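Okay, so here's the structure we're looking at.
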Amino acid sequence: MSIDSDRQLDVLYQLGQLLLAPQPLQHRLTMVLKQLHTVLPFTAARVVVLDEQQPWSLAVPAPHQANKGAGRAAESLWPAGCTAQVLRSRSLAPERNGNSSRPAPVVQELDAEHAYLGWPIGWRQRVYGALELVVPCQLLRGDIWALIHALVPLFASALSQTQAGNNAATATLLAPAEQQELDAFVNQLQAPLLLQPLLAHLLRWSLDHSGAAQGSIHLAEANGHGLHLLAFELPVQHSALPGDGLALVQSKRSHDLAKIALANGRAMVRQTEHDVQFAAPILYDGQLLGVVALEGADLAPPALLFVQRLAELAGPALLRAQFYQQLADARTHLQQVFDELPTGLALTNSDGSLLRANPAWWRLWGIDQNAVDDIKLVPWDILPRILTRLPDPLAFSELFTREASALNEAVIVLQNPWQELRLVFMPVRDTLGLQAGFLLAIDDVTREREVDRLKSEFVSVVSHELRTPLTSILGYTELLLARDFEPAERKEFIHTVHKEADHLSNLVEDLLNVSRLDAGKIKLERWVMALPKLVRELVAQLNKELDVERHRLLLDVSDSLPPIYADRDRVRQILSNLLSNAIKYSPEGGEVVLHASVLHRPPPSAPSLPHEPSLLISVSDRGIGIPQHELTRIFERFYRVDNSNTRRIGGTGLGLAITRALVELNGGRIWADSVTGEGSTFYVTLPLATEMLRTRR
Ligand code: ADP
């Protein structure tokens, strides 16, 4: 008998297709043997499958039909001991050049007309079973060997893929009711589920259906050495029904069967002394995604087949859930960044409709986030909310009507309180590259711009403050060197030089104080001290330098004031700064009053004050005054009220900044109250020397 080689290939292709089809293995083997019969008219054929639990076989024709076929008795059809010989021949066969897929058959003559042929089905060192044929002897003379040799590896791959799983679960089809239940489960998996709920449902169903005592579900994760498993199980206290709140916990137990199932890519069953262990892989398109593992005293094969099918069918849903999970995680991360970012962000479409904005966006505009529902258009719905703070509403709205196709930047100034916001427009494009809207970003640049302004102001102020006294020192000393003057005149010149040098020295001292404060190098020596004595000394000294025609220093300080707890030298510096400012900024003269009393009721202009017994000191003048909106800013470094009066008077803008730092170091507060053109009052509180304060020191 000979079959032409094209036909052989054709048959081989068909057999391959049949063998690897998704039907149960028994069904496939029957089909394959029947198809083989069409080109190789054997008397009988049998496949022996070495199942890990129990070997089984499948024969064509089935034993009860065999009598009619070949005329040989069914029981005598297969010679005794041949199968064992075939299986042994394979495992004993030495590997020749690694070519293990061409094993020699075991041949035995049965009678004058029939012969037995047996091939081991295996791959490398593994034997999965045997293919046995009883053939008419004339067939042996034909060209059947090449076909069989090509067929054996196909059998090997089919048996290796499904053998254990199918056989463990008896390799039968599911009963119709079970199939229906499985379909219902799989249907539920079509809903978009996140990873946790999906795994929890799968495990819950597997446990419920199989009656297993324990179960775990494993996710395959690639690491540097290949795949490893992350094991999860249901918490001990779980609800009986799969539903909301079904959560998994990480499993700490050992799961070696799951690992074996993962390594082999197929279902595994292990019978131990006490129970049955089962592990079924979750696969998608040949890719191993995870394993469902169960353990129980009596896990019936149909239930295991059910779980195995469920695991197989869950592959696409698991892949989808992993994908959703990644999306959800990425979204959560982005949302967190968006919410926490100190930069205000708003996304609008091209007509300015607000799509989304982060909390910083509302915070920076000073709009309460709970009242933003009716803000639909940027900037038109924002404008009314900030109108009272906008010095130039027209410029503000023009910003948004400008052609903003490229990246655009602007600074918006708001008042009460003063705030400078840098606004950046960035066009946002859709996937086609067309402009879909804008991303608007705002940052509070008040401090940044202030620092810049202060720096340049500092340079000009300090150089001016240095130059003025230096010029007069140089001028007078040159005069004194060039000519002889009358003693009285000379004394006056030297007095001026001394005054200017003193001024310079104060300036340098202020700068040093600022840098010491910055470096935290000012250490206080706080003691219990009496204010009246210190004030009297200070006023006596100032009075000596005062033009009594113009200024009068009045004291309203009772000798019976309770002591304060403070650093004497620093208090002197604080009061001296305030008194000299009061004199300096009253160029027309007038009274300067220093008042001190125990603080009972804070003046209306006071900020929030510490709740401890304090002394309230105030220094009032009848000078040029300070505009209301500058009252807090004058305590900032280098900040000077910008008007012709202050420019004429001169100064560095450091005194009040130093004064405030010293007051606060002593545990007090400072603020000012003023009416322009009428005068100013500076208030200082200092803690009274209570027992508690002293011991807290
Ligand atoms: P300087 O006096 O060197 O300018 P200060 O820090 O002492 O610096 O004061 C800051 C600003 O506060 C002054 O430039 C002035 O504009 C304002 N100022 C301070 N004290 C008074 C006052 N008593 N009356 C009016 N303006 C004052």
Side-chain angles (χ1 to χ4, degrees), residues 418 450 453-469 499-500 502-518 538-539 542 545-547 550-554 570 572-595 603 605 617-664 669-684:
W418 184 268
E450 186 60 21
R453 232 187 339 259
L454 287 178
K455 265 190 209 150
S456 55
E457 210 162 302
F458 168 72
V459 174
S460 77
V461 166
V462 169
S463 46
H464 174 260
E465 288 295 305
L466 283 173
R467 207 178 44 218
T468 320
K499 204 177 86 200
E500 296 297 346
D502 192 43
H503 187 82
L504 271 183
S505 145
N506 284 340
L507 174 67
V508 172
E509 190 54 36
D510 275 358
L511 289 172
L512 281 176
N513 272 328
V514 167
S515 89
R516 277 188 212 121
L517 279 168
D518 273 351
L538 184 66
V539 169
L542 279 175
E545 300 160 12
L546 220 59
D547 176 355
R550 286 208 283 168
H551 290 108
R552 276 189 348 129
L553 256 179
L554 299 181
R570 302 301 171 195
R572 177 195 295 274
Q573 202 176 343
I574 292 165
L575 297 180
S576 148
N577 277 351
L578 293 179
L579 288 169
S580 28
N581 270 358
I583 296 163
K584 190 163 100 177
Y585 293 103
S586 321
E588 306 296 324
E591 283 173 359
V592 171
V593 183
L594 193 154
H595 166 93
S605 56
I617 306 167
S618 65
V619 176
S620 312
D621 62 55
R622 302 277 175 81
I624 59 172
I626 303 159
Q628 197 67 27
H629 66 272
E630 309 266 23
L631 282 175
T632 49
R633 306 210 67 199
I634 50 172
F635 296 99
E636 292 172 17
R637 272 175 203 185
F638 302 115
Y639 193 86
R640 308 199 70 227
V641 175
D642 189 15
N643 60 31
S644 54
N645 273 330
T646 30
R647 271 197 295 279
R648 198 174 52 244
I649 293 167
T652 54
L654 286 175
L656 283 181
I658 295 169
T659 308
R660 180 174 67 175
L662 295 179
V663 170
E664 287 176 359
R669 295 284 179 276
I670 183 168
W671 72 98
D673 199 5
S674 178
V675 177
T676 325
E678 291 185 17
S680 316
T681 302
F682 282 78
Y683 296 95
V684 169

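Every number for a ligand or one of its atoms is a count from 1 in the order of the listing. Numbers here simply count residues along the sequence, with the first being 1. Note that this is a predicted model, so its numbers are computed, not measured.
Formation of a donor-acceptor pair under 3.5 Å by the His551 side chain with backbone atoms of Ser586 is found in this model. A donor-acceptor pair is defined here as one N or O able to donate and one able to accept, closer than 3.5 Å; no such pair exists between the side chain of Arg637 and the backbone of Gly653.
For Glu630, no heavy-atom contact with ligand 1 is shorter than 4.0 Å. Only the backbone of Leu654 comes within contact range of ligand 1, with a heavy atom under 4.0 Å; no side-chain atom does. At a heavy-atom distance under 4.0 Å, no atom of Phe635 approaches ligand 1.
The protein heavy-atom contact nearest to atom 26 (N) of ligand 1 is Ile626 CG1, 3.3 Å. Protein heavy atom closest to atom 6 (O) of ligand 1, with residue, atom name and distance, is Leu656 N, 2.7 Å. Counting protein heavy atoms only, atom 17 (C) of ligand 1 is closest to Ile634 CG2, 3.9 Å. Among protein heavy atoms, the minimum distance from atom 2 (O) of ligand 1 is reached at Tyr585 OH, 2.6 Å.
No N or O atom of Phe682 sits closer than 3.5 Å to an N or O atom of ligand 1. Of the polar atoms of Tyr639, none of the N or O atoms is found under 3.5 Å from an N or O of ligand 1, judged by distance alone. No N or O atom of Gly651 sits closer than 3.5 Å to an N or O atom of ligand 1.
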Please output the side-chain donor-acceptor pairs of residues 617-628 that fall under 3.5 Å, not counting sequence neighbours, one pair per line with the distance.
residue : atom : partner : partner atom : Å
Ser620  : OG   : Thr681  : OG1          : 3.2
Asp621  : OD1  : Gly623  : N            : 2.9
Asp621  : OD1  : Ser680  : N            : 3.0

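Ser680 counts as a contact of ligand 1, since one of its heavy atoms falls under 4.0 Å from the ligand.
Applying the salt bridge (Lys or Arg N to Asp or Glu O under 4.0 Å) test to Arg640 and every residue at least two apart in sequence or in another chain returns nothing.
A donor-acceptor contact under 3.5 angstrom links the side chains of Tyr639 and Glu630, judged on distance only.
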